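First the structure, in the form of C-alpha cells, and then the observations on it.
Atoms within a ligand are numbered from 1 in the order they appear, just like the ligands themselves. Computed from a predicted structure; not experimentally measured.
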Amino acid sequence: MNSLVIIMSLRVKFYGTSAAYSDGRRGYSCLGIREKKEEREGESGGLTLLDCGDGAVHKLANFGADLLSIGNILVTHCHSDHVSGLASIIETMGILKRTKDLGIFGPKGIKEYFGTVQKITNVAADRKFKIRLTELEAHDDRFKLGGLEVRAFPMEHSIDCFGYRIEAPRGSNRNTRKIIISYTGDTEPCSESARLARDADLLIHEATFLEKDVANARLSKHSTALEAAQTARKANAKKLILTHTSFYNSKKETILEAKKVFSNVQVAHDGLVVNRGQL
Ligand SMILES: [Zn+2]
Ligand SMILES: [Zn+2]
C-alpha cells in the first residue's frame, strides 16, 4: 500500500538572517520548514531546519519553535555561521529528554566536524536519542524527509557547500504541481545555483554584498543582491527572498538593487514567516 501523506500546511520561518559578521541584532543562518499533517504514515515530519549557525537555539526559543519537533537538520556547509549552533541544539534536546532520532545531513566534512565536537565536548552525553549523520553527494538521488523531497546541488563557495531544493505536495492530489523551495546557502553565481532555482516557487538566496562591493563578493565567493536577482530571473523563480545580508547595507538599498532585474523580491528578517498560501 502506498504511504498516505496529506500536508495541511507548510510554513517557512527565518530564525537567523545575518551574514557572517553580525551587529548582534540578527542571528546567523537558520530557517525552518514546518509541515503539519492531517494524516500520515511512514517517517515523521515536523520541523526541518536549514542551517543552524551560532546561537540558533536562542533564536529558535525566541520565536517559539518546539525543539523536539525538529526531525532533520540540513546543513549547507561547515562555516561557523551555518553550523556552530548544532551542538547547543543537541545539548538542549538531551535536556528535554528527546527520544526520537535526529537526522543531520550535509556535505563531506560534516561527520568529521560533528565527530570532533562530540569527542571534545561530550555533547548530550546521556542522550536517549540517536543521531543519524549523512554526508551527501552532489546530485544524489532525491531523498524523503517526512512529506518533503530533498535534493542537494553543489554551490560555488570557499569550502564545499550544498544548496537544497525541497519539493512538497500542495495537498492530497498527487497530480497537483509540487511547491518548490530552493535555498542556496553561501555561493557566488554559478550554473548549479540556476539549476537549483529552476522554476522554484520560492528561491531563498544569499546576498552578502551589493554591487559596490562585487570585488569582495568574488574574493569570498558570495553573491550580490543583483546577482541573486539575476539568478532568480534566469531560473524562472516565482518569488525571491534575500537572506545572509550584511548590516552594512540597508534593506532599502538591497531591495532597490535586486528590483532592477526581479520584481517579486523581499529581504528576510529574523522572524519572517512565509505561509503556503503565499507560494
Ligand atoms: Zn555564511
Ligand atoms: Zn560560508
Side-chain angles (χ1 to χ4, degrees), residues 12-33 49-60 73-89 104-114 116-117 135-136 138 152-165 181-190 192-193 196-197 203-210 213-229 231-232 240-249 251 254 258 267-270 272:
V12 180
K13 189 162 183 175
F14 292 78
Y15 297 103
T17 59
S18 171
Y21 180 37
S22 173
D23 62 355
R25 276 182 276 191
R26 284 182 292 134
Y28 292 114
S29 289
C30 182
L31 58 118
I33 299 179
L49 279 194
L50 290 154
D51 280 333
C52 51
D54 321 43
V57 74
H58 180 66
K59 282 288 178 180
L60 286 158
I73 302 176
L74 299 166
V75 175
T76 58
H77 64 301
C78 289
H79 277 157
S80 68
D81 57 318
H82 297 258
V83 75
S84 290
L86 203 51
S88 50
I89 287 176
I104 300 171
F105 300 81
K108 192 168 173 347
I110 189 80
K111 278 189 178 174
E112 189 182 352
Y113 171 84
F114 185 70
T116 305
V117 169
E135 283 187 347
L136 299 166
F153 289 70
M155 298 292 96
E156 202 56 51
H157 192 42
S158 51
I159 59 171
D160 284 352
C161 179
F162 282 143
Y164 292 106
R165 183 178 167 97
I181 299 166
S182 298
Y183 171 53
T184 58
D186 290 357
T187 190
E188 62 179 342
C190 59
E192 288 293 326
S193 63
L196 169 85
L203 169 60
I204 301 163
H205 200 301
E206 72 119 301
T208 312
F209 295 101
L210 297 183
D213 293 316
V214 69
N216 285 335
R218 285 301 77 78
L219 276 176
S220 56
K221 296 197 164 218
H222 282 291
S223 295
T224 67
L226 182 72
E227 289 169 337
T231 298
L240 170 65
I241 296 185
L242 301 173
T243 190
H244 200 278
T245 50
S246 166
F247 71 89
Y248 287 123
N249 303 320
K251 217 173 204 184
T254 308
V267 175
H269 58 266
D270 293 7
L272 174 69

- Message: Using the rule given for side chain to side chain contact (heavy atoms under 4.5 Å, CB included), can you reason through V12 versus I241, listing the C-alpha separation, both sets of side-chain angles and the distance that settles it, and then say yes or no?
- Response: CA-CA 11 Å; V12 180; I241 296 185; over 6 Å; no

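- The N, O or S atom of H77 lying closest to the Zn ion (ligand 2) is NE2.
- With the Zn ion (ligand 1) as the vertex, NE2 (H244) and NE2 (H82) define an angle of 100°, rounded to 10°.
- The atom name of the N/O/S atom in D186 closest to the Zn ion (ligand 2) is OD2.
- When the Zn ion (ligand 1) is compared with the N/O/S atoms of D81, atom OD2 turns out nearest.
- Atoms CG and CZ, on L203 and R165 in that order, are 10.0 Å from each other to the nearest 0.5 Å.
- Ring-centre distance between F247 and Y21: below the 6.0 Å cut-off.
- The Zn ion (ligand 2) has an N, O or S atom of H157 inside 2.8 Å of it.
- Relative orientation of the H82 and H244 rings is parallel, given thresholds of 30° and 60° on the angle between their planes.
- Taking 4.5 Å as the limit, every side-chain heavy atom of T17 sits out of range of all side-chain heavy atoms of V267.
- The N, O or S atom of H79 lying closest to the Zn ion (ligand 2) is ND1.
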